[in-house]
Amino acid sequence: MTAADDGTWEASGNAVLEDDENRSGFALLCDLDPAFKLRFADRSTIDVIVHPTHKGRSFVLTEYT
């Protein structure tokens, strides 16, 4: 899910975090470095910070500034 308001945006997701193996691998990546590059279908990118929520079952993305 992505929402935008007044030039700002908030994104969240949970599809890849449905099982324990995916959650633990994703949690390890976030512990090592929560900054990721989000790539879109048109090949554009934006740097984001991942904030795990709901005991690692979902996450929120914010723009890395």
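What you see is a predicted model; the values in this text were computed from it and never measured. Along the sequence shown, residues carry numbers from 1.
Under the side chain to side chain contact (heavy atoms under 4.5 Å, CB included) criterion, T65 pairs with E63, not counting sequence neighbours.
Across V48, I49, V50, a single residue satisfies side-chain contact (heavy atoms from CB on, under 4.5 Å) together with T62, and that is I49.
F36 has its side chain within reach of C30: a pair of non-hydrogen atoms, C-beta onward, lies under 4.5 Å apart.
Pairs passing the side chain to side chain donor-acceptor pair (under 3.5 Å) check and including a residue from residues 28-38, sequence neighbours excluded, read K37-D47.
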